[in-house]
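Inspection log for the structure reproduced underneath, given as C-alpha cells.
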Amino acid sequence: MIETARLRSATVPLRRGTAFVGRRAEVERLEAVWAAVEDDRRQLVFVGGEPGVGKTRLVAEAAAALREHGARVLWGACREDLDIPYRPFVAILEQALEQVPPEALQEIPPEAAAPLPRLTSAASRHWPGVAEPSSGDSESRPVLFDAVLRVLLVVAEQGPLVLVLEDLHWAPEPTLALLSHVAESTAGEQLLVLATRRTTAPDRTDAVTYALADLHRLDGVERIDLVGLATGEVAEYLLGQPGVSRASARAAAPVLRDQTGGNPFFLQEYWHDLATRGGLAAMRSWTAQAPRSVQDALERRLSAFAADHARVVELAAVAGDHIDPSVLVQACDLDAEVVLEGIDFAVRAGLLLAGTDDGRYRFAHALARQAVLDRMSSTGRAAAHARVAEALEHRLDEDDPGLVAQLAHHYVQARALGHGEKAVHYLVLAAEQAVRSIAHSEAAALYERAAQLHVAEGPPRVELLFAAAHCHMHAGDFTTARRLYADLGSGESPRTRLMAAIGHEDASARPGVNGQPSLVMLSEALAGAALDQHDPLYVRALASMGRASAFTGDTQRARTWGEEALARARADGDEELVAHALGRTLWQGMTPRLAPELLARAVELHEIGSRLGDDDHLGPAAFYRGVFAYIVGDEPAWTSAQRDLTELALSRGQPFFRYVAGCCRYAHRYSVGDYAAAERIVAWLEQFNQEFDGATEGSWGVQQFMLRRVTGGLAQVRPLVTGHEDLADHWLPGLLALYTELEMWAPTARLLAHLCDRIDDYRAGAQWGGVLAFMTEAAVKLDDAPTARMLRPLLADYADANLMTGQFVGVFGSADRRVAELDSVLGAPGADLRFERALAMDRRMGAVTHQAETLAAWSRHRARGTGTAGGPTAAALADEAGALARRIGHRGVLRDLDAVPAPDAVHPPLPNGLTEREVEVLRLVAEGLSNREIGERLFLSANTAANHVRSILSKTAAPNRTKAAIFATQHGLLRPGG
C-alpha cells in the first residue's frame with residue numbers, strides 16, 4: 001500500500017520544480033482506489049474540472065508515486081485537431097510494445113495480433129509477416145479491441161498497471177468504445193485507469209458525458225471533480241516560492257485567490273508575471289490587476305526570450321503535444337545547438353517539461369501551448385507547419401497511422417503556402433485508415449476536409465463528398481448524410497445527381513423519416529439522366545424509388561417498382577446489383593401474405609452479403625430476417641437473426657444496427673417474460689433518440705408503455721392523463737391504449753370512434769399491426785360489437801401470424817387471439833378454435849407473456865358461456881394463466897383475472913359472496929400483511945389491494961382486519977398450516 005504522505009510528496013519528473021499543494025481529500029480517495037487495485041479489482045477514475053484546475057497535475061503526482069511503488073504507467077492523450085482513431089490507446093500500445101519483454105508478447109498468437117498494425121506500425125516488429133485480411137472478422141471492433149486488450153493484459157501480468165488518458169473530453173466515439181471494452185473486460189485485474197476531462201463549456205459534450213455515465217454502472221468506477229485551490233492552499237503554494245515569508249504568503253493569498261479563482265495554472269502564470277516585477281513586494285506599489293489573460297502573461301514571459309529561442313518555442317507549439325527534439329532540429333533553419341538551447345531555456349522558464357524516458361518534451365499545459373500558437377501570425381504558423389511536415393515526411397513510410405494523421409494535420413495548416421495537394425493526399429490516407437479502424441465519424445470528417453480544399457490533383461471533390469456521406473451513414477449521422485447527398489444532387493452531372501438521390505434515399509430509410517423528399521429527388525434525377533433501362537444505375541434508382549414509395553405509404557407502387565428492379569437485376573446477373581434490389585424490396589409491408597416471400601429474400605440477401613463481405617447488405621438482411629421470421633412464427637429463424645444482428649452491431653459499432661439490434665433483443669426478452677432485462681434494454685435505447693435527432697422518441701414511448709402495462713407501472717402516469725388530451729399532439733392508437741389500460745371508458749369510447757372514422761389513414765406503414773391490436777383491446781373491453789364487426793376482417797388478414805408495431809417496437813403475439821376475442825364479443829362460432837391456434841403459436845415462439853395473455857382471454861371467453869360444449873373450463877384456463885403470470889410478474893394479466901367469475905361447477909360456493917381473489921387477499925390479511933405487501937405478493941397495485949380489503953370487510957361485516965382474519969379462520973378459508 002502506498003502511504004498518503006508518500007503520494008503527496010512524490011513529484012513526477014515532468015513537473016520538477018513546481019510545488020504540489022492541496023488536494024488532500026483527492027489524494028486520500030486515490031489511496032483508497034489503489035488499495036482496491038492491489039486487491040485485484042480494476043478501478044477507473046474520471047478526474048474532471050475546468051482548464052488549468054490541476055487535473056493533469058493530480059494524475060501525474062499519482063502516477064509518479066505509483067511508478068515508484070512498482071506500477072507500470074502508460075500514458076496517452078486525445079487531441080482536438082485532426083486526429084487518429086483511438087489516439088490515447090495508440091500511444092499506450094506503443095509504450096507497452098516498447099517496454100514489455102518480447103518473450104512475454106509472444107504469448108499472443110499472430111492471428112490475434114493481426115489487427116494491431118492498423119493502429120501502429122510498431123506491432124509489425126513483434127509479429128512480422130502477419131498479413132491482415134482485407135475484410136472479414138479481422139475488421140470487426142471486438143477483434144481489434146481484443147487485440148489491444150491482450151497486450152494490456154500481458155503488461156498487467158508483469159505487475160500493477162496504470163493507464164492515464166488525458167483530455168477525454170475530446171475523445172471520439174471509437175475511443176470511448178475501446179475504453180468501455182477495456183473497463184468491462186478487466187474487472188479482476190490489477191489495473192487503474194486515470195482519465196482527465198474538462199467538465200465546463202464549451203469542451204463538455206453530451207456524447208462524452210453519456211458514454212462516461214454508462215460506464216458508472218460498473219463496479220470500481222468513480223469521479224473526482226476538482227475545484228480551485230482554497231486560500232490556505234494558495235498560501236502554501238506561495239511559501240514554496242523564493243523569498244516569500246509566511247506572513248507575506250498569508251497576506252497575499254486572499255488577493256491571489258480572488259484574482260485567479262484558485263486555478264493552479266492561472267496562479268502559476270500570475271506568479272511568474274509577478275516574479276519579473278519583484279515578487280509579492282511589487283503588489284503594494286503595482287496598481288495593475290492580474291493579467292487580462294494567460295496569453296498576456298505568457299507574452300511577457302516570451303518577450304524575455306532571445307528571438308531565436310522564441311522561434312524554437314513557437315515551432316514546438318506547432319509540432320504538437322509531444323515534441324521530438326530531432327524533429328525540431330530538422331524543421332528549424334537554425335543550428336542544432338541553438339535549437340537545443342531554446343528547448344533548455346523553455347524548460348527552465350517552465351513552459352516545456354522534459355519527458356521521463358522517451359527523450360521528448362511537452363508543454364506544461366495545453367493552455368500554454370495554445371497561448372504560444374495564438375501569438376504567432378497566420379503566415380508564421382503556416383510556414384512552421386510546412387517545415388514540421390517536411391521533416392516528418394522523410395522519417396517513416398505512409399503505413400504508420402500516427403504519421404499519416406500528423407502529416408495530414410500539418411499540411412492542412414500549411415495549405416496557403418501551396419501544400420494543398422499533399423494535404424488532400426494525407427487526409428484521404430488518414431480517412432482510409434480510419435475506415436479500416438472502424439472509426440467512421442473521423443473518416444467522414446477527414447473526407448469532408450479533403451473535399452473543402454478542392455485541389456486540381458487528387459480525387460475529385462464529388463468523390464470525396466460521396467465517401468464522406470457514406471461514412472456518415474455508417475456512423476449513424478443520417479441527417480448530415482442527407483445534407484451531403486442533397487448538396488451533391490444539385491451538381492451538373494446527371495449521373496452524379498442520380499447517385500446522390502440514391503444515397504439520399506438510403507439515408508432516409510430510417511425510423512421517423514418520410515420518403516417523399518427522396519422520391520421527388522429520385523424521380524427528377526432519373527428523368528434528367530435519361531438512362532437505358534438496362535443500365536445498372538437505372539436499376540438501382542428504380543429499386544430505391546420503390547423503397548422510398550413504401551416510406552410514403554404507397555405500398556402498391558413500392559411493390560411494382562421493386563419487383564421490376566429485382567427482375568432487371570437478376571437478368572443482369574451482377575450479385576451486387578441483385579443485393580441492392582433485394583434490400584430495397586424488403587420494405588413492401590409487414591402483412592402475412594408477403595412475409596414468407598420477403599423472409600426468403602432476406603435469407604438470400606444474407607447469403608450474397610456473406611459472399612461479398614458487405615455489411616451494408618448483411619445488416620438489413622439480419623434485421624428483416626428477424627422481422628419476417630417473427631411475423632410467420634418461425635422461432636429458430638428469429639433467434640438466428642437476432643444473433644446475427646447483435647454480432648453485426650457489436651463488430652461494426654454502427655449506431656443504427658446497434659439500435660435495431662437493441663429493439664430486437666427488447667422484443668424477445670419482453671415476449672419470454674424477462675421484464676427486468678427488457679427494461680434495461682429500453683433504458684439503453686433512450687440514448688438513440690438524441691443520436692437520431694428525436695426520430696426514435698415515439699418508438700421509445702411505445703416500448704415504455706408496453707413494459708409498464710405488464711409490470712403495473714402505469715399508475716404513476718394516471719394523474720397526468722385527463723381524458724381530454726389534444727389529439728394533434730399524440731399518436732392516437734397509443735393514446736387509445738393508454739386510456740384503455742387506465743380504464744378511462746368515456747375517453748376510450750370517444751377516441752375509438754374517432755379512429756374508426758379515420759382507420760384508412762393508418763393502413764399503410766409499420767404501425768398497422770399495433771393499430772389493430774390497440775383498437776381490438778379497446779373494443780373488447782367496451783364490449784363494442786359494431787367496432788368488433790368492423791375490425792374482424794382486417795385482423796383476419798393476419799390469421800396464423802404474429803402482430804407487431806414498428807420494427808420490434810411492440811410485439812403482441814398471435815393475431816388469432818385478437819380475432820377470437822372479437823368473435824367472443826360478437827357471439828360468433830369458432831372462437832375456441834382461434835384461441836387454441838393462438839396458444840399453439842405463442843408456445844411455439846416460447847412467448848410466455850403472450851401465452852398468459854391468450855389463456856386469460858380464453859378464460860374470459862369461456863366465462864361468457866358462449867363457447868363450445870367441450871374444451872377447457874374458464875377456471876382451468878384462469879389457473880394456468882395466473883400461474884404463468886405470477887412466474888414472470890405479468891401484473892396486467894393478474895389484474896384482469898380478477899374480473900373473471902369462477903364457474904359454479906369448479907369450486908364450492910364461498911361464504912358471504914367472496915370471490916377466489918378476495919379469499920386469496922383475505923389469507924394474506926390474516927398473515928398480517930399491509931395493502932402494499934399484499935399488492936407485491938399478488939402483483940397488484942396497493943390501491944387494488946385496498947379495494948379488495950374494503951370489499952372483504954363489507955361482505956364479512958368485519959369492522960377491522962383482525963375480525964376479518966377471525967372470519968377466515970371460522971370458515972376454514974386459511975390454508976393448512978396457515
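Ring-centre distance between His216 and Phe46: below the 6.0 Å cut-off.
Separating the OH atom in Tyr426 from the NE2 atom in His410 is a distance of 12.0 Å, to the nearest 0.5 Å. Distance check: Arg362 CZ to Trp75 CH2 gives 6.5 Å after rounding to the nearest 0.5 Å.
For CG of Asp40, the number of neighbouring non-hydrogen atoms (other residues, nucleotides, ligands) closer than 6.0 Å is greater than 12. Atom CZ of Arg72 has more than 12 heavy atoms from other residues, nucleotides or ligands within 6.0 Å.
Under a 3.5 Å cut-off, the side chain of Thr186 and the backbone N or O of Val182 do form a donor-acceptor pair.
Across every non-hydrogen atom of Gly220 and Arg42, the tightest pair is O-NH1, 3.5 Å. Here the closest non-hydrogen pair linking Val151 and Leu105 is CG1-CD2, 4.4 Å.
Salt-bridge check for Asp333 with Arg311: passed, with a basic side-chain N closer than 4.0 Å to an acidic carboxylate O. Under the 4.0 Å criterion applied to side-chain N and carboxylate O atoms, Glu61 and Arg57 are assigned as salt-bridge partners.
Glu314 and His309 share no side-chain donor-acceptor pair at under 3.5 Å. Remark: the Glu50 side chain and the Thr199 side chain contain no N/O donor-acceptor pair separated by less than 3.5 Å.
Here the side chains of Leu373 and Met376 are in contact, with some heavy-atom distance below 4.5 Å.
Ring planes of His181 and Phe145: tilted class, angle from 30 to 60°.
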